[in-house]
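First up is the structure itself, then whatever we jot down about it.
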Amino acid sequence: MKLKPTIKPFGEKALLLEWEEVISEKMHHHIMGVIDLIWHALGEEVLEIVPAFHSLTVFIKPHTDVSTFTNKIKKVIDSKREKSPSKKILITIPVCYEAPFSMDIEELAHKKNISVSEVIRLHTEPIYFVHFLGFFPGFPYLGGLSERLYFPRKIEPRTFISKGSVGIGGNQTGIYTTNSPGGWNIIGKSPLTFFDSTKNSPALLRAGSYIKFEKIGQEQFREIESQIHLGNYELKKEELDD
């Protein structure tokens with residue numbers, strides 16, 4: 001895997017850094033390291049940095065010269081040394097895969113020629129990696145979905161998907177963090193709050209997190225909702241072995 005990006009202008013006041021089209025944890029950690037270096041070395045000239053699976057966009061301040069800044073970024077990247085990632089923490093996300101939370105699970109199972117219970121097994125079995133957040137506030141882009149569950153997005157998106165809904169779109173699974181329209185196939189719902197603008201850290205998850213989905217029933221769903229409302233729900237976390 002090549003860890004040196006191509007760098008090109010992106011509009012008048014931004015640069016696009018693109019790496020080899022590889023989606024992996026190694027690529028994620030490398031890009032996060034580059035972001036830290038840019039902020040540390042060139043932060044006074046940067047407005048915002050937006051990462052993706054194998055690229056990042058650096059938006060620079062109006063007074064900054066793009067050509068000069070490009071040369072600076074190249075030097076920063078050339079100076080980068082790889083370091084070991086921090087310890088891995090696994091977060092368990094409870095999900096109810098029952099009606100009325102699983103609007104599309106039966107259709108998905110039918111089209112895949114498998115049972116609903118097999119869909120749930122395949123969805124709860126992997127450990128997923130959060131590559132980055134985007135699309136909606138706090139929305140996690142996850143790597144790790146079983147290929148047997150790859151399923152295209154809906155041709156006609158729904159006008160309303162409730163927050164906490166868990167869906168599959170193409171080769172990804174994700175969690176709707178806010179009430180919104182959406183075209184993913186909804187297979188369940190989590191009672192957790194994934195984005196709260198009143199908190200110092202609004203997003204429940206962060207880039208670099210590891211998560212695992214856990215099947216729960218409707219009674220347990222309501223219990224967790226009640227615990228969250230009372231402020232005494234504890235998120236399940238454990239350290240992963242390397």
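Any value given below was found using the heavy atoms of this structure, including those in side chains, with hydrogens, waters and symmetry copies removed.
- The two residues Ile216 and Glu98 make their nearest non-hydrogen contact at O-OE2, 4.4 Å.
- Note on Lys8 versus Glu18: salt bridge recorded, some NZ/NE/NH1/NH2 to OD/OE distance being below 4.0 Å.
- No donor-acceptor distance shorter than 3.5 angstrom exists from the side chain of Thr173 to the backbone of Ile168, with no hydrogens or angles considered.
- Side-chain contact check for Ser162 and Lys189: at least one donor-acceptor pair (N or O, by modelled atom type) lies under 3.5 Å.
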Checklist entry - After noting the C-alpha distance and the side-chain angles of Tyr210 and Leu240, does the key distance pass the side chain to side chain contact (heavy atoms under 4.5 Å, CB included) rule? => result CA-CA 9 Å; Tyr210 295 84; Leu240 285 173; 3.9 Å; yes
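- Note that CG of Leu205 is 5.0 Å distant from CD1 of Ile93, once rounded to the nearest 0.5 Å.
- In the hydrophobic clustering of this structure, Leu37 groups with Leu42; members are Ile, Leu, Val, Met, Phe, Trp, Tyr whose side-chain heavy atoms approach within less than 4.5 Å, directly or through other members.
- If you take NZ on Lys4 and NE2 on His30, they are separated by 10.5 Å, rounding to the nearest 0.5 Å.
- At least one donor-acceptor pair closer than 3.5 Å links the side chain of Lys13 to the backbone N or O of Pro62.
- Residues Leu204 and Thr193 have side chains not in contact (no heavy-atom distance under 4.5 Å, counting atoms from C-beta outward).
- Ring centroids of Tyr141 and His131 are separated by 6.0 Å or more, keeping the two rings apart.
- The 12-atom threshold is not exceeded at NE2 of His40, counting heavy atoms of other residues, nucleotides or ligands nearer than 6.0 Å.
- The OG atom of Ser146 sits 4.5 Å away from atom CG of Leu122, with the distance rounded to the nearest 0.5 Å.
- The number of heavy atoms from other shown groups lying within 6.0 Å of NZ (Lys212) is above 12.
- Ionic pairing of Lys61 and Glu48 is not present here: no N-O contact between side-chain nitrogen and carboxylate oxygen is shorter than 4.0 angstrom.
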Checklist entry - Does the side chain to side chain contact (heavy atoms under 4.5 Å, CB included) test come out yes or no for Leu17 and Ile49, once each step is laid out? => result CA-CA 11 Å; Leu17 282 65; Ile49 302 177; over 6 Å; no
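- With contacts defined as side-chain heavy-atom distances shorter than 4.5 Å, the pair Trp19/Val34 qualifies.
- Closest of all the heavy-atom pairs between Leu145 and Gly170 is CD2-O, 4.5 Å.
- The heavy-atom pair separating Gly144 from Pro126 by the smallest distance is O-CB, 3.5 Å.
- Atom-to-atom distance recorded for Tyr150:OH and Lys112:NZ is 9.5 Å, nearest 0.5 angstrom.
- Using a distance-only test at 3.5 Å, with no hydrogens or angles considered, no donor-acceptor pair links the side chain of Thr68 to the main chain of Asp65.
- In this structure, the side chains of Pro191 and Pro94 come closer than 4.5 Å at one or more pairs of heavy atoms.
- Remark: the backbone N or O of Ala109 is not paired with any side-chain donor or acceptor of Glu118 at under 3.5 angstrom.
- The shortest side-chain heavy-atom distance between Phe194 and Thr178 does not fall under the 4.5 Å cut-off.
- In this structure, the separation between OG on Ser55 and CG on Leu16 is 5.5 Å, given to the nearest 0.5 Å.
- Comment: Lys111 does not engage Asp104 in a salt bridge, judged by the lack of any side-chain N to carboxylate O separation of less than 4.0 angstrom.
- For Glu45 and Lys72, the salt-bridge test passes: some basic side-chain N is under 4.0 Å from an acidic carboxylate O.
- In this structure the side chain of Ile60 never reaches within 4.5 angstrom of the side chain of Leu15, judged on heavy atoms.
- Residues Leu108 and Val119 are in side-chain contact: their nearest non-hydrogen atoms beyond the backbone lie under 4.5 Å apart.
- Residues Leu142 and Phe129 have side chains not in contact (no heavy-atom distance under 4.5 Å, counting atoms from C-beta outward).
- The backbone N or O of Gly188 sits nowhere less than 3.5 Å from a side-chain atom of Ser102 that would complete a donor-acceptor pair.
- For the residue pair Leu192 and Tyr233, the shortest heavy atom distance occurs at CD2-CE2, 3.4 Å.
- Linking ILVMFWY residues whenever their side-chain heavy atoms come closer than 4.5 Å, directly or via other members, places Tyr97 and Ile175 in the same cluster.
- Between the side chains of Ser67 and Thr70, no donor-acceptor pair of N or O atoms lies under 3.5 Å.
- Nearest heavy-atom pair across Ala207 and Leu133 is N-CG, 4.4 Å.
- Contact record, Leu47 with Trp39: O-CH2, 3.9 Å, taken as the closest heavy-atom pair.
- Put simply, CG on Asn185 and NZ on Lys154 are 5.0 Å apart, with the number rounded to the nearest 0.5 Å.
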Next on the checklist: One pair to check against side chain to side chain contact (heavy atoms under 4.5 Å, CB included): Ile120 and Phe213. What are the steps and the verdict?
Outcome noted: CA-CA 9 Å; Ile120 296 170; Phe213 294 110; over 6 Å; no
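- At most 12 heavy atoms of other shown residues, nucleotides or ligands fall within 6.0 angstrom of atom CZ in Phe10.
- Using a 4.5 Å cut-off on side-chain heavy atoms (C-beta onward), Thr177 and Pro140 make contact.
- Under a 4.0 Å N-O distance rule, the pair Lys236/Glu214 qualifies as a salt bridge.
- Cluster annotation: Phe53 and Val50 are assigned to distinct hydrophobic clusters (Ile/Leu/Val/Met/Phe/Trp/Tyr, side-chain heavy-atom contacts under 4.5 Å, transitive).
- Around the CZ atom of Arg121, the shell of radius 6.0 Å holds more than 12 heavy atoms that belong to other residues, nucleotides or ligands.
- Ile7 and Met32 fall within a single hydrophobic cluster, where Ile, Leu, Val, Met, Phe, Trp and Tyr side chains are chained together by heavy-atom contacts under 4.5 Å.
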Next on the checklist: Assess the residue pair Val46 and Phe69 against the criterion (side chain to side chain contact (heavy atoms under 4.5 Å, CB included)); give the C-alpha distance rounded to whole Å, side-chain angles, the decisive distance to 0.1 Å, and a yes or no.
Outcome noted: CA-CA 10 Å; Val46 174; Phe69 188 82; 3.7 Å; yes
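- Under the 6.0 Å cut-off for aromatic ring centres, Phe136 and Phe195 do not qualify, their centroids lying 6.0 Å or more apart.
- Around the CG atom of Asn232, the shell of radius 6.0 Å holds more than 12 heavy atoms that belong to other residues, nucleotides or ligands.
- The aromatic rings of His123 and Tyr128 lie tilted to each other, with the angle between the two planes from 30° to 60°.
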